[in-house]
Amino acid sequence: MTDTPQSILTAHGVHKSFGRTVALRGAALEVQPGECVAITGPSGSGKSTLLHCLAGVLMPDSGVVTFRGTRLDALGVDERTRLRRSSFGLVLQFGQLVPELSALENVALPLMLEGRRRPDAAAAATQWLERLEVAQLAHTRPTAMSGGEAQRVAIARALVTSPDIVFADEPTGALDTVTGELALDVLVKATRETEAALVLVTHDNRVAAAAEREVVLRDGAIEAAGDGGPGEPT
Amino acid sequence: MRPLPLTIVLAAGRGRAALVVATTAVTSALLLVAASMARLGRDDAWSSYEQEHLFAPIGDAGTRPGAILAVVLLTVPVLLLLDQAVRLGSTGRHRRYTALSVAGATRRDLRRWAAIEVGAPAVAGALLGVPLWLLLRELLGFRLAMHAGALVPTSVGPGPWTWAILAAVAAYGVLVGRRSGSRATALTGRGGEAGAPRPWPALAVLAGALVAISGRGGSSSADSLATPIAAVLLVTLGTVGLAPWAAHAAGVRAARRARRAATLIAGRRLQADPRPAGRAAAAVGAVGLTVGVLGVFVGDVLATTDPYDRDDYLVPAAIVAVCALLAVVMIALSIAVHSVETTAQHRREMAALVATGVSSSVLTGAQRTECLLTSLPLALAGSAAGSLGYGWLVGLSPAAYAGGAAALLLTASVVAGSVLVTTALVRPWLVAAVDPGNLRTA
C-alpha cells in the first residue's frame with residue numbers, strides 16, 4: 001500500500017477491537033500536508049480509537065497506517081514514541097498536562113526529552129505561551145488554570161516541537177461555547193501558521209465546520225468523506 | 001452469596017490485604033518480643049541473663065529499656081509500610097465508593113466499610129503475630145543462645161500483655177482503614193493544596209541534642225537511662241516530623257537544577273506532595289541512625305574487645321543490622337508504592353504524556369529519582385548522626401569511627417540498591433498506569 005504523492009498520513013482497512021467490542025471496521029483516511037480534517041460521528045462510533053490509531057498511540061488489530069511512507073506497525077515501541085514526540089502533536093479533551101509541573105515546564109518538557117538544554121527549551125516554551133496569550137500563566141500549575149487556559153497550554157505543548165501533524169481529540173469538549181470557540185480558533189490558526197496538518201475528532205458540527213474536510217464515522221467505518229479522502233462508504 | 005465483610009475485603013484487592021496481614025503480623029510479633037523483654041523484671045535479671053544467655057544490653061536491667069525502645073522503634077518502618085499498603089488501589093477504591101455513594105451509601109457506611117477492608121486483615125495479622133513471635137523466640141532465643149547472646153527472652157513471654165497488644169494492633173488497622181475511607185469519600189475536590197511543610201520539628205531534634213549533651217557523663221544506673229531515652233525519642237520524633245520538609249526541600253532543589261525531564265518531574269512531584277513520601281523516608285533516617293550506631297559499636301568492639309568475647313557482641317549486632325537493612329528494603333518498597341499510587345491517581349495525565357511521546361522509561365526514571373531524593377539524604381544524615389552522636393556520647397576510641405564510615409557506605413549502598421530493586425518490582429504497575437489505553441477510560 002502506498003500513499004498518494006501529497007499525503008503525509010494514510011490509513012487503510014484499520015480494524016480495532018477491545019475484547020468483544022469492535023471499535024473500528026476497516027476505516028480508511030488520507031491526510032495531506034497542512035490540511036485540517038474533522039472526524040465526526042455519534043458517540044461510540046470509534047472516532048477517538050481511529051485518532052489514536054492514526055497517532056500511533058494504539059496499534060490496529062489489522063490494517064495499515066503510514067506516516068510519510070513509513071508503516072507505523074513496522075516501528076518498535078521506542079521508535080513510535082520518538083516519532084510521536086518529534087513529528088506529532090496531541091491535544092485531548094482534558095487532563096493532559098502534568099499536574100505537578102508549571103505551564104512553562106509542561107510546554108518545555110518535549111523539548112528537554114529531545115535533548116534541548118533547559119534554558120533553550122524554556123525560551124522556546126515561553127515564545128509559544130506568548131503566542132497563545134497565556135504567558136502570564138508560565139509559572140502556574142494546571143490545577144490553578146481554567147479549562148480554556150489549560151487547553152491553550154496544551155496546544156502550546158503540542159506545537160512546540162513543530163510537528164508535521166496535530167491530532168486533537170474533542171479539543172473543545174470540556175469547555176463552554178465561548179471558551180471552546182476561542183480554543184478552536186487558536187488551534188486552527190496556530191496549526192495553519194506552522195503549516196502542520198490538523199486532524200480533529202468532534203461531535204460538534206460547529207467545530208467540524210472549521211475544518212476543510214469532514215469525515216463521518218459510524219459503527220467503526222467511514223460513512224462519508226469530503227473531497228480529497230478515500231473514504232469507504234459502508 | 002458471600003458475607004458482605006468478605007466481599008468488601010476481597011474488593012479491596014488480595015495484594016493489599018496480604019500486605020496488611022504481613023505488616024500487622026510483624027508489628028504484633030515485635031511488640032510481643034518487647035513485652036517479653038519488659039517482663040524479665042529487675043530482681044531476676046541477672047539469673048535470666050545467665051540462664052538464657054541473653055545479649056548483654058537485654059539481660060542487663062540497666063540497659064534493657066533502651067533495647068525495648070529499639071524493638072518498639074523497629075515497628076515504625078513496618079507501620080509506615082502498612083500506611084502505604086492501605087493506599088494501594090486508591091483510584092479503584094475512589095470509583096467504587098463513588099458508585100456506592102451514588103447507590104445510596106452514606107459517608108458513614110463508606111467509612112465503616114473502609115475500616116472493615118483494612119480492619120479484617122489487620123485482626124488476622126495481629127493474631128498471626130503470636131506464631132510469628134514463637135518462631136522468633138525459637139530462632140533468635142533458644143537457637144541463638146547456643147551460639148551467641150539471645151535477642152528474644154525464652155524464660156518469660158508477654159503474658160497478659162498479649163491481649164492488649166493484639167487489640168492495639170487490630171485497632172490501629174481499623175483506624176488506618178477509617179482514615180483511608182475518609183480520604184476516599186472526599187468526593188469533591190479540595191479547595192486548595194496544603195502549604196509547604198515547615199522545619200519546626202527541627203526544634204525537637206535540637207531539644208533531643210541538648211538533652212543528650214546535658215546527660216553526657218552521668219551515672220550508668222537504670223534511672224540515668226531516662227535521659228538518653230528522652231533524647232532518642234525527641235530526635236526520632238523530630239526526624240519524623242522534619243522528613244516532609246526535607247523531602248520538599250530536596251524536590252525544590254532538584255527541580256530548579258534539573259537538566260533531565262525525569263529529574264524535573266521527580267522534583268516537582270515531591271514539591272507538590274512531600275508528606276507521604278517524607279514520612280516513609282523518616283523511617284529510613286531512623287534506620288540510618290541505628291546502622292550508624294551499630295557501625296561505631298562494632299568498630300569499638302573490634303578495636304577494644306578480646307577476640308574470644310567478640311561473638312557475644314558481633315552476632316546480635318549483625319542480626320540487628322540485618323533487621324535494619326530489611327527495614328530499609330520495606331521502606332523503599334513503601335516509597336515506591338506511594339509513587340505508583342500517585343502516578344495511578346494522575347494516570348490520564350501520565351498516559352497523555354506517554355501518548356505525546358514521553359517514553360515510559362522516563363517516568364520510571366522519574367520514580368527512581370523521586371525515591372532516591374526522598375530516602376538517600378535522610379539515610380546518610382541519620383547514619384552520620386548515629387555514628388558521631390553515639391561515639392561522642394559514649395566517648396569511643398577513634399578506631400571505632402572506621403566502623404561508622406563503613407556503616408555510612410553500607411547504608412548508602414543498601415538504600416540505593418533497595419530503591420533500584422523496588423522500583424523495578426513495581427514497574428509493571430507503573431507501566432500499566434501510564435498506558436495510553438487509559439485515555440479511553442477517562
request  = Give the intermediate values and the outcome of side chain to side chain contact (heavy atoms under 4.5 Å, CB included) for residues A:L113 and B:R260.
outcome  = CA-CA 7 Å; A:L113 288 163; B:R260 296 184 310 125; over 6 Å; no
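- Listed here is the closest heavy atom pair of A:R141 and B:A272: NH2-CB, 3.5 Å.
- For A:R80, no part sits under 4.5 Å from any heavy atom of chain B, backbone or side chain.
- No part of B:L270 comes within reach of chain A, as not one of its non-hydrogen atoms sits under 4.5 angstrom from that chain.
- Interface remark: A:R82 contributes no atoms to any contact with chain B (heavy atom separation under 4.5 Å).
- Within 6.0 Å of CD on A:E193 lie more than 12 heavy atoms contributed by other residues, nucleotides or ligands.
- For chain A, the nearby parts of B:V358 are the backbone and the side chain; heavy atoms of each come within less than 4.5 Å.
- Of the candidates A:L109, A:L97, A:L101, B:L353 forms a side chain to side chain contact (heavy atoms under 4.5 Å, CB included) with just one, namely A:L109.
- Only the backbone of B:A255 comes within less than 4.5 Å of a heavy atom in chain A; its side chain stays farther off.
- Counting heavy atoms of neighbouring residues, nucleotides and ligands inside a 6.0 Å radius, atom NE2 of A:H203 does not exceed 12 of them.
- Note on A:R117, A:R157, A:E100: by heavy-atom pairs under 4.5 Å with chain B, the leading option is A:E100.
- The one candidate from B:R268, B:M350, B:R269 that meets the side chain to side chain contact (heavy atoms under 4.5 Å, CB included) condition with A:V98 is B:M350.
- Side-chain contact between A:L92 and B:R348 is present, with at least one heavy-atom pair separated by less than 4.5 Å.
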key: Stepwise side chain to side chain contact (heavy atoms under 4.5 Å, CB included) check, B:L264 with A:R118   = CA-CA 10 Å; B:L264 177 65; A:R118 189 170 172 180; 3.5 Å; yes
